[in-house]
Amino acid sequence: MNNLKNLVSKIKVDIFCYSPMPVKGLYVPSYNVIFIDSSLSDHEQEQVLRHELLHCIEHRHSIGLYTATEAERLKMEAEANDFMLRETLMEYIATNDVDVSEINPVVFLETQGLSLNFETKIKDIIKKEASK
């Protein structure tokens, strides 16, 4: 969580929790603001924040592409999900003092409340981290 706070501070993005929202989170580049649904658990809010931070870091000047085509939007969403997964994994490793090679992807996703649709991606991330 400290890493997350440092990143938020470094990029100077404002974060507001609000409910009800039609989505879990939203980055508004013109105001450099992230909105997060306050009805989510703290853990879910952290995951949403990680996802939205990637949009803030990498996509803030590409909003036209995000809305231009479905393919571009899906690409940017996949990048944000990858960032969220990696950052969640790194925090899990640090918090639980485990070796990345010992992590079961399905158990990890379930304990983090994440969709099993991310299994292939988290396997890739674990493999990449284990080879470092």
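Annotation: the span from Ser9 atom OG to Lys5 atom NZ amounts to 11.0 Å, rounded to 0.5 Å. Once rounded to the nearest 0.5 Å, the distance linking CD1 of Ile34 with CG of Leu53 reads 4.5 Å. The distance from the NE2 atom of His51 to the CZ atom of Phe83 is 11.0 Å, given to the nearest 0.5 Å. Atom-to-atom distance recorded for Lys75:NZ and Ser62:OG is 8.5 Å, nearest 0.5 angstrom. To the nearest 0.5 Å, atom CD of residue Glu102 and atom CG of residue Asn96 are 11.5 Å apart. Rounding to the nearest 0.5 Å gives a distance of 9.5 Å between CD of Glu129 and CD1 of Ile126.
The same ILVMFWY cluster, assembled from side-chain heavy atoms under 4.5 Å apart, contains both Leu116 and Leu89. Cluster annotation: Phe16 is not connected to Ile11 through the hydrophobic network of ILVMFWY side chains, with a link wherever side-chain heavy atoms come within less than 4.5 Å. Linking ILVMFWY side-chain heavy atoms closer than 4.5 Å, directly or via other members, places Ile125 and Val106 in a single hydrophobic cluster.
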Practice task
Applying side-chain contact (heavy atoms from CB on, under 4.5 Å), run through Tyr92 and Ile103 and close with a yes or a no.
Solution key: CA-CA 10 Å; Tyr92 178 85; Ile103 295 173; 4.0 Å; yes

Practice task
Mind running side chain to side chain donor-acceptor pair (under 3.5 Å) on Gln47 and His43 for me, showing each step along the way?
Solution key: CA-CA 7 Å; Gln47 291 171 344; His43 184 70; 3.1 Å; yes

Practice task
Please lay out, stage by stage, how Tyr27 and Asn32 fare under the test side chain to side chain donor-acceptor pair (under 3.5 Å).
Solution key: CA-CA 7 Å; Tyr27 173 61; Asn32 200 33; 2.8 Å; yes

Exercise for the section: Please lay out, stage by stage, how Leu26 and Val33 fare under the test side-chain contact (heavy atoms from CB on, under 4.5 Å). Expected result: CA-CA 8 Å; Leu26 175 70; Val33 171; over 6 Å; no

Exercise for the section: Run the numbers on Arg50 and Arg86 for side-chain contact (heavy atoms from CB on, under 4.5 Å), then give the verdict. Expected result: CA-CA 9 Å; Arg50 287 182 182 104; Arg86 186 183 176 289; over 6 Å; no

Practice task
List the steps and the verdict of side-chain contact (heavy atoms from CB on, under 4.5 Å) for Asn81 and Leu54.
Solution key: CA-CA 8 Å; Asn81 284 335; Leu54 190 277; over 6 Å; no

Practice task
Using the side chain to side chain donor-acceptor pair (under 3.5 Å) rule, take Glu44 and Ser41 through it: C-alpha gap first, then chi angles, then the decisive distance, then the call.
Solution key: CA-CA 5 Å; Glu44 289 175 303; Ser41 71; 3.3 Å; yes

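For the side chain to side chain donor-acceptor pair (under 3.5 Å) test with His55, the passing option among Glu77, Glu79, Arg60 is Glu77; the others fail.
In this structure Ser115 satisfies the side chain to side chain contact (heavy atoms under 4.5 Å, CB included) test together with Asn117, Phe118, sequence neighbours excluded. Take Lys10 and apply the salt bridge (Lys or Arg N to Asp or Glu O under 4.0 Å) test, not counting sequence neighbours, and it matches no residue.
With a 4.5 Å cut-off on side-chain heavy atoms, Ile36 and Lys24 do not count as touching.
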